[in-house]
K.L.:
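First the structure, which I've put down as structure tokens, then a few questions once you've had a look.
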Amino acid sequence: MTASRRKFIKISALGLGGLATTSGAFKMFGVNPILDTAVKENIAKKFVRSATYCEVCFWKCAAWAYTDEEGDIKKIIGNEDDTHCNGRLCPRGTGGVGMYSDEDRLKTPLIRTTINGQETYREASWEEALDLIASKFKGIKEKYGAESFALLKHGSPGSHLEHLFKAYGSDTIAEPAYAQCRGPRETGFGLTFGSWIGSPEPTDIRDTKCLVLIGSHIGENMHNSQVQEMSDAIDNGATIITVDPRLSTAASKSKHWLAIKPATDIALLLSWMHVLIEEGLYNKDYVEKYTSGFDQLKAHVKQFTPEWAYGITTIKPEDIRKTARVMAAAAPSVIVHPGRHVVWYGDDSQRERAIAILNGLLGSWGNRGGFYFKESLKLPKYPHPEYPEPKWGWKDIGEQYPFAEMGITSELIKATLPSTDNKYPIKAWMIAGTNLINTLPQREKTIEAINAVEFLVVIDTMPMEITGYADVVLPECTYLERYDDIRSATNRTPSIAVRIPAVKPKYNTKPAWWISKEIGNRLGLGDYFNYNDYEEVIEWQLNKLGTSLDEMKKIGVKNFDRVSGPLFLEEGQDYEFATPSGKIEFYSHQLTEKGFDPMPVYTAHPEPPQGFYRLNYGRSPMHTFSRTINNPNLSDLKSENTLWVNPKVARVLGLKKNQEVWLKNQDGILSTFSIKVRVTERIRWDSVYMYHGFGHNNEKLSRAFGKGISDTELISQTVVDPLMGGTGLRGNFVSILTEDPHKNSEI
Ligand SMILES: Nc1nc2c(c(=O)[nH]1)N[C@H]1C(S)=C(S)[C@@H](COP(=O)(O)OP(=O)(O)OC[C@H]3O[C@@H](n4cnc5c(=O)[nH]c(N)nc54)[C@H](O)[C@@H]3O)O[C@H]1N2
Ligand SMILES: Nc1nc2c(c(=O)[nH]1)N[C@H]1C(S)=C(S)[C@@H](COP(=O)(O)OP(=O)(O)OC[C@H]3O[C@@H](n4cnc5c(=O)[nH]c(N)nc54)[C@H](O)[C@@H]3O)O[C@H]1N2
Ligand code: SF4
Ligand SMILES: [Mo]
């Protein structure tokens with residue numbers, strides 16, 4: 001701790017007194033005072049501040065980057081006017097300087113080459129790398145059609161490259177934030193309420209009387225304003241009910257922690273509905289006015305008594321009844337939170353339907369303390385010629401999933417694998433801002449697809465695993481060194497924020513907008529990139545919004561008034577939901593038409609075989625996925641993950657605290673590295689738990705290499721959601737090895 005404290009403070013050691021700005025919320029969730037020191041205010045005159053918004057995760061909190069006289073970024077703090085983050089960054093955002101200062105960064109374009117029969121990379125100029133890429137783009141289009149070039153992306157660089165791909169004629173685009181993350185909840189809520197949850201979630205946590213978290217671990221999941229609002233809600237006396245097989249940080253703050261048996265949540269949800277309806281506790285006026293299919297729902301859930309659910313979930317009937325009554329007493333100021341990373345067991349859209357229906361019974365949608373009607377500002381589109389119409393795209397590739405509304409990464413992988421009956425063959429990939437090796441399940445398949453592509457470009461800031469597979473690696477500069485699109489946040493009130501470079505790009509790195517434009521120019525698509533600098537695009541858009549780049553450079557964030565009407569329904573107000581019936585649909589005809597259950601049903605999922613434990617994983621509060629593990633500031637705070645093991649299991653297996661172990665999954669896949677044991681009652685005996693993102697195997701990541709285990713490499717089984725193609729990741733089981741299985745082999 002002492003060493004890490006010293007180092008971490010060093011990076012932001014501008015501190016000459018001033019206020020500690022870490023929010024009480026983060027302290028409450030155990031984010032310790034190290035960070036207080038780290039964010040101490042010290043706005044001495046010699047520092048220049050630049051407006052930005054954070055890219056350490058996708059919440060996009062607006063911030064100020066402070067640069068010293070040498071042109072070095074010294075610290076980042078929240079923008080006080082940002083209603084989207086209440087002026088505060090989370091600990092990861094504060095550590096964002098490390099993305100810029102990391103000496104392991106990609107520094108110059110690289111091209112794969114063979115020297116003495118060995119494949120390696122050689123450094124190249126941008127000119128050469130971009131010429132090569134453009135010639136490949138042309139070749140793929142001539143030989144197979146533009147549609148055969150796929151874009152896999154995440155985060156800010158994605159939108160610039162999406163523009164390039166659409167201009168080129170390819171809509172073969174996907175991101176892991178859909179089929180490996182939020183997809184099922186958007187389908188489940190979309191079918192029920194007619195609208196997506198979207199990001200950020202329009203949950204009125206601040207004013208709620210009861211927050212129900214189902215495998216959603218806000219507090220470790222550091223999505224900024226939700227953490228702050230949850231802390232406020234607790235201060236205001238809200239009851240928190242957490243359903244989680246693990247005593248998460250949120251569970252530890254909860255009045256009711258229901259330590260559910262994994263994979264059985266739908267049974268609990270159905271049984272809660274049963275209690276609300278049978279005891280007449282549901283919101284009758286609301287149900288009458290705004291919903292359809294209540295009678296069918298009532299008949300459907302009649303059989304799902306708490307006694308029935310007990311046998312499945314291991315939650316006592318009296319606890320199910322008690323918590324249902326607590327929710328009803330708080331209604332409509334109650335939130336059954338949809339969660340976010342919801343790809344669990346393959347019936348995830350249906351579980352999300354159950355959550356949506358429960359909210360419908362409680363009347364929380366459109367009511368204070370429940371879900372508000374969100375609003376965002378639509379950004380004016382910088383003019384460009386129309387995109388050509390592709391012959392096929394992500395939609396066709398995922399056509400067997402009728403409720404998919406975005407590209408399904410795993411289906412794009414399948415479409416890349418060589419096969420004679422592939423209607424939509426993918427031949428080349430560009431990857432930007434996603435480390436697919438540590439992100440997608442079934443790593444072997446990802447690598448098989450990579451081996452099958454004729455050409456692969458990776459655009460990243462760091463030498464992540466995925467870069468090692470590229471034919472060409474393009475180094476993007478970090479978010480602190482570039483312009484990007486205007487952030488338009490969807491909240492109670494709309495706001496915009498800008499990202500202005502705080503410093504010039506380090507090394508020979510370039511922003512994604514520039515890369516897209518340069519490739520576009522080489523492909524004869526110059527009309528789509530009618531600007532010299534992205535600054536011009538932003539300035540044009542800002543002028544249309546009644547402001548200017550100059551003004552935004554000074555204020556960073558601009559808040560706007562709502563124009564769409566009140567946040568909540570007024571009493572007795574007529575309201576039409578965007579579903580086919582105009583009502584909240586408890587019974588879904590859209591589902592029956594496609595051959596699916598119109599109302600959620602519980603089905604049993606496989607259980608761990610003898611000697612195996614369910615592999616459970618989640619967020620490390622100090623990290624974002626695999627992207628921050630090497631960050632010099634954040635790796636100091638948490639450098640490796642541990643394996644949470646129940647004391648009973650530890651006893652049976654003779655495991656000690658901090659003992660080094662290896663894991664082997666149900667398919668015989670061994671972990672590359674070892675992990676230290678943490679013996680804790682906080683995890684059930686049938687599961688083990690670890691933070692996601694660790695276990696990097698690229699030696700170029702000097703701090704992250706070999707630290708802990710990657711959950712991803714052990715996820716070789718998925719159960720695919722038949723509605724929208726999400727990949728359920730939580731049906732994998734591991735056994736614990738105390739001897740190094742690689743002892744006699746080289747890794
Ligand atoms: N096993 C397992 N798999 C999961 C999850 C899990 O919990 N467990 N979570 C899932 C979820 S919820 C999600 S949303 C996805 C996230 O999946 P990803 O977005 O792929 O997550 P990261 O692994 O952080 O990869 C981000 C990549 O972007 C790079 N990067 C960072 N900033 C920039 C930038 O400014 N420009 C460019 N060009 N690159 C940049 C990073 O170096 C890194 O290589 O993963 C999903 N997959
Ligand atoms: N610090 C940090 N915060 C982040 C991120 C990050 O990388 N770092 N990523 C962001 C992103 S993109 C996402 S999508 C969110 C994800 O965050 P969330 O949606 O909140 O969390 P998950 O990762 O789905 O869930 C983890 C929790 O589910 C529990 N769980 C496991 N199995 C079951 C089960 O069968 N039933 C129930 N009820 N619970 C179960 C686990 O014990 C764990 O506590 O986090 C966001 N916030
Ligand atoms: S929640 Fe944290 S990491 Fe995510 S954008 Fe905000 S400050 Fe950055
Ligand atoms: Mo996610």
Side-chain angles (χ1 to χ4, degrees), residues 23 26 29 31 52-63 76-79 82 84-86 88-96 99 154-155 175-178 180-183 185 199-201 212-228 242-251 258-266 268-269 313 315 337-345 348 351 355 439 479 487 489 605 614-629 634 638 644 682-684 686-693 711 728-731:
S23 155
F26 298 122
F29 287 101
V31 174
T52 188
Y53 57 87
C54 182
E55 182 83 14
V56 184
C57 84
F58 312 103
W59 204 254
K60 298 186 176 149
C61 304
I76 310 174
I77 62 168
N79 182 322
D82 191 21
H84 178 62
C85 73
N86 305 319
R88 315 235 183 251
L89 299 184
C90 88
R92 297 168 298 153
T94 306
M99 291 182 61
H154 200 186
E175 58 181 84
Y178 185 70
Q180 283 71 45
C181 178
R182 301 187 280 128
R185 79 168 192 199
S199 181
E201 296 78 8
V212 186
L213 299 174
I214 299 176
S216 172
H217 54 343
I218 299 176
E220 284 153 291
N221 154 3
M222 271 292 163
H223 272 166
N224 196 342
S225 32
Q226 293 214 7
V227 181
Q228 297 182 43
T242 296
V243 182
D244 198 310
R246 179 179 69 99
L247 183 76
S248 60
T249 307
L258 307 180
I260 195 166
K261 179 172 164 187
T264 65
D265 295 78
I266 294 181
L268 172 66
L269 290 158
T313 61
I315 301 170
H337 198 287
R340 189 172 177 109
H341 173 61
V342 291
V343 282
W344 299 359
Y345 305 107
D348 305 303
R351 186 184 64 254
I355 293 176
T439 295
Y479 71 105
R487 181 210 80 182
H605 295 289
R614 190 180 290 276
L615 175 63
N616 185 2
Y617 58 83
R619 303 285 167 252
S620 164
M622 297 302 183
H623 285 287
T624 303
F625 310 117
S626 69
R627 65 168 53 197
T628 57
I629 311 295
L634 300 175
K638 182 88 196 154
W644 295 31
R682 291 177 61 181
I683 182 79
R684 283 172 57 105
D686 52 6
S687 309
V688 291
Y689 179 81
M690 68 172 76
Y691 288 146
H692 166 63
D711 57 333
L729 304 178
R730 289 200 172 139

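Whatever order the structure lists ligands and atoms in, that order sets their numbers, starting from 1.
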K.L.:
Would Ile260 count as a polar contact of ligand 2, with the cut-off being nitrogen or oxygen pairs under 3.5 Å?
P.N.:
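No; every N/O pair is 3.5 Å or more apart.
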K.L.:
Quick one: look up the protein heavy atom nearest atom 6 (Fe) of ligand 3 and list residue, atom name and how far away it is.
P.N.:
Cys61 SG, 2.3 Å
K.L.:
Checking Trp59 against Ser199: is there a side-chain donor and acceptor pair closer than 3.5 Å?
P.N.:
no
K.L.:
Could you list which atoms of ligand 2 come closer than 4.0 Å to a heavy atom of Ser216?
P.N.:
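Answer for ligand 2: 20 (O).
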K.L.:
At under 4.0 Å between heavy atoms, which part of Glu55 makes contact with ligand 3: side chain, backbone, both or neither?
P.N.:
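It is neither; nothing of Glu55 touches ligand 3.
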K.L.:
List ligand 2 atoms under 4.0 Å from Cys181, heavy atoms only on the residue side.
P.N.:
14 (S)
K.L.:
Looking only at distances, can you tell me whether any N or O atom of Tyr689, backbone or side chain, sits closer than 3.5 Å to an N or O atom of ligand 2?
P.N.:
no
K.L.:
Relative to the heavy atoms of Pro262, which atoms of ligand 2 are at a distance of less than 4.0 Å?
P.N.:
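In order of number, 35 (O).
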K.L.:
Decide whether the shortest distance between a heavy atom of Glu220 and an atom of ligand 2 is less than 4.0 Å.
P.N.:
yes
K.L.:
Would you mind listing which atoms of ligand 2 come within a distance below 4.0 Å of any non-hydrogen atom of Ser620?
P.N.:
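Result: 1 (N), 2 (C), 8 (N).
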K.L.:
Does Val688 offer a backbone N or O that forms a donor-acceptor pair with the side chain of Arg614 under 3.5 Å?
P.N.:
no
K.L.:
For ligand 2, which atoms have a heavy atom of Thr624 less than 4.0 angstrom away?
P.N.:
6 (C), 7 (O), 8 (N)
K.L.:
Which value, rounded to the nearest 0.5 Å, describes the distance between Ser687 atom OG and Arg730 atom CZ?
P.N.:
10.0 Å
K.L.:
Tell me, which protein residue and heavy-atom name are nearest atom 47 (N) of ligand 2, and how many Å apart are they?
P.N.:
Asn221 OD1, 2.8 Å
K.L.:
Any idea which protein heavy atom is nearest atom 8 (Fe) of ligand 3, and the distance to it?
P.N.:
Cys54 SG, 2.3 Å
K.L.:
Under 3.5 Å, is there a donor-acceptor pair linking the side chains of His223 and Glu201?
P.N.:
no
K.L.:
Is it true that a side-chain atom of Thr313 and a backbone atom of Lys261 form a donor plus acceptor pair closer than 3.5 Å?
P.N.:
no
K.L.:
Looking only at protein heavy atoms, which one is nearest to atom 27 (C) of ligand 2, and how far off is it?
P.N.:
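So the nearest neighbour among protein heavy atoms is Gly215 O, 3.3 Å.
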K.L.:
So between Arg619, Arg682, Arg182, whose heavy atom ends up nearest atom 15 (C) of ligand 2?
P.N.:
Arg619
K.L.:
So Phe625 and His692, would you call those rings parallel, tilted or perpendicular, with 30° and 60° as cut-offs?
P.N.:
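Perpendicular: the ring planes of Phe625 and His692 meet at over 60°.
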K.L.:
May I ask whether Met622 places a heavy atom under 4.0 Å from ligand 2?
P.N.:
no
K.L.:
Do ligand 2 and Phe625 have nitrogen or oxygen atoms that lie under 3.5 Å from each other?
P.N.:
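Yes, since at least one N or O of Phe625 sits under 3.5 Å from an N or O of ligand 2.
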K.L.:
Looking only at protein heavy atoms, which one is nearest to atom 23 (O) of ligand 2, and how far off is it?
P.N.:
His217 CE1, 3.4 Å
K.L.:
Is it the case that ligand 2 has an N or O less than 3.5 angstrom from some N or O of Lys261?
P.N.:
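No; every N/O pair is 3.5 Å or more apart.
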K.L.:
Which of the numbered atoms in ligand 3 are under 4.0 angstrom from any heavy atom belonging to Leu89?
P.N.:
7 (S)
K.L.:
Find out whether Arg619 and Tyr691 are in side-chain contact, i.e. whether some heavy atom of one side chain is under 4.5 Å from a heavy atom of the other.
P.N.:
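When only atoms from C-beta onward are counted, Tyr691 and Arg619 do not touch, as no gap falls below 4.5 Å.
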K.L.:
Return yes if some donor-acceptor pair links the side-chain N/O of His623 with the main-chain N/O of Lys638 below 3.5 Å, else return no.
P.N.:
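Present.
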K.L.:
Could you check atom 4 (Fe) of ligand 3 against the protein and tell me its nearest heavy-atom contact, residue, atom and distance included?
P.N.:
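The closest one turns out to be Cys57 SG, 2.3 Å.
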K.L.:
I'd like to know if Trp59 contacts ligand 2, where contact means a heavy-atom distance under 4.0 Å to any ligand atom.
P.N.:
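No, Trp59 has no heavy atom closer than 4.0 Å to ligand 2.
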K.L.:
Check each of Arg340, Arg684, Arg627 against atom 13 (C) of ligand 2 and report the one with the nearest heavy atom.
P.N.:
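Of the listed residues, Arg340 has the closest heavy atom.
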K.L.:
Check for a donor-acceptor pair, side chain of Glu55 on one end and backbone N or O of Gly155 on the other, with a separation under 3.5 Å.
P.N.:
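Flag not set: sc Glu55 to bb Gly155 has no pair under 3.5 Å.
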K.L.:
I want to check a possible cation-pi pair here: Arg246 against Tyr689, using under 6.0 Å from ring centre and within 45° of the ring axis as the test.
P.N.:
yes
K.L.:
Among all protein heavy atoms in this structure, tell me which lies nearest to atom 3 (N) of ligand 2, with the distance rounded to 0.1 Å.
P.N.:
Met222 N, 2.8 Å
K.L.:
Geometry only, no angles: is Arg92 polar-contacting ligand 2 at N/O separations under 3.5 Å?
P.N.:
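By distance alone, the answer is yes.
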K.L.:
Does Val342 offer a backbone N or O that forms a donor-acceptor pair with the side chain of Arg351 under 3.5 Å?
P.N.:
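A pair under 3.5 Å: yes.
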K.L.:
For the backbone of Met690 and the side chain of Asp711, can you confirm whether one donor and one acceptor N or O come within less than 3.5 Å of each other?
P.N.:
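Looks like no, no N/O pair under 3.5 Å.
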K.L.:
Closest non-hydrogen protein atom to atom 5 (S) of ligand 3, residue and atom name please, with distance?
P.N.:
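Looking at atom 5 (S) of ligand 3, the protein heavy atom closest to it is Lys60 N, 3.3 Å.
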K.L.:
Look at atom 36 (N) of ligand 2 and say which protein heavy atom is nearest, naming residue and atom and giving the distance to 0.1 Å.
P.N.:
Asp265 OD1, 2.8 Å
K.L.:
Does the side-chain contact (heavy atoms from CB on, under 4.5 Å) test come out yes or no for Tyr345 and Ile266, once each step is laid out?
P.N.:
CA-CA 11 Å; Tyr345 305 107; Ile266 294 181; over 6 Å; no
K.L.:
I'd like to check which ligand 3 atoms, numbered from 1 as shown, lie under 4.0 Å from a non-hydrogen atom of Met222.
P.N.:
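The atoms of ligand 3 under 4.0 Å from a heavy atom of Met222 are 1 (S).
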K.L.:
For the 3.5 Å polar cut-off, considering only N or O atoms, please tell me whether Asp244 and ligand 2 meet it.
P.N.:
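Yes; the residue has a nitrogen or oxygen that sits under 3.5 Å from a nitrogen or oxygen of the ligand.
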K.L.:
Give me the nearest non-hydrogen protein atom to atom 24 (O) of ligand 2 as residue plus atom name, then the distance to 0.1 Å.
P.N.:
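Answer for atom 24 (O) of ligand 2: His341 O, 2.6 Å.
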K.L.:
Donor-acceptor check, side chain of Ser248 to backbone of Ala251, threshold 3.5 angstrom: yes or no?
P.N.:
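Yes, because the side chain of Ser248 sits within donor-acceptor range (under 3.5 Å) of the backbone of Ala251.
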K.L.:
Which protein non-hydrogen atom lies closest to atom 7 (S) of ligand 3, naming both residue and atom, and how far is it?
P.N.:
Cys90 N, 3.4 Å
K.L.:
Hey, could you give me the CG/CD distance between Leu729 and Gln180, rounded to the nearest 0.5 Å?
P.N.:
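The distance works out to 6.5 Å.
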K.L.:
Does His154 have its ring centroid less than 6.0 Å away from the ring centroid of Phe58?
P.N.:
yes
K.L.:
Where the side chain of Arg92 meets the backbone of Cys57, is there a donor-acceptor pair that is under 3.5 Å apart?
P.N.:
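Pair absent, no side-chain N/O of Arg92 close to backbone of Cys57.
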K.L.:
Which atoms of ligand 2 are found less than 4.0 Å from any heavy atom of Tyr345?
P.N.:
32 (N), 33 (C), 34 (C), 35 (O)
K.L.:
Trp344 side chain to His341 main-chain N or O, any donor-acceptor pair under 3.5 Å?
P.N.:
yes
K.L.:
Would you check, one step at a time, whether the test side-chain contact (heavy atoms from CB on, under 4.5 Å) holds for Ile218 with His337?
P.N.:
CA-CA 10 Å; Ile218 299 176; His337 198 287; 4.0 Å; yes
K.L.:
Run the numbers for me: atoms of ligand 2, each under 4.0 Å from some heavy atom of Ala263, listed by number.
P.N.:
35 (O)
K.L.:
Considering distance alone, does some N or O of Arg730 sit under 3.5 Å from an N or O of ligand 2?
P.N.:
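Looking only at distances, the answer is yes, because the N/O contact criterion of under 3.5 Å is met.
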K.L.:
Just to confirm my output: which protein heavy-atom neighbour is closest to atom 8 (N) of ligand 2, and how far is it?
P.N.:
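Ranked first by proximity to atom 8 (N) of ligand 2 is His623 O, 2.6 Å.
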K.L.:
What residue and atom, counting heavy atoms only, is the protein's closest point to atom 40 (C) of ligand 2, and at what distance?
P.N.:
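Of the protein heavy atoms, Pro245 CD, 3.3 Å lies nearest.
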K.L.:
Would you call Arg487 and Asp82 a salt bridge, using N to O less than 4.0 angstrom?
P.N.:
yes
K.L.:
Under 4.0 Å from any heavy atom of Arg246, which atoms of ligand 2 are there?
P.N.:
42 (O), 43 (C), 44 (O)
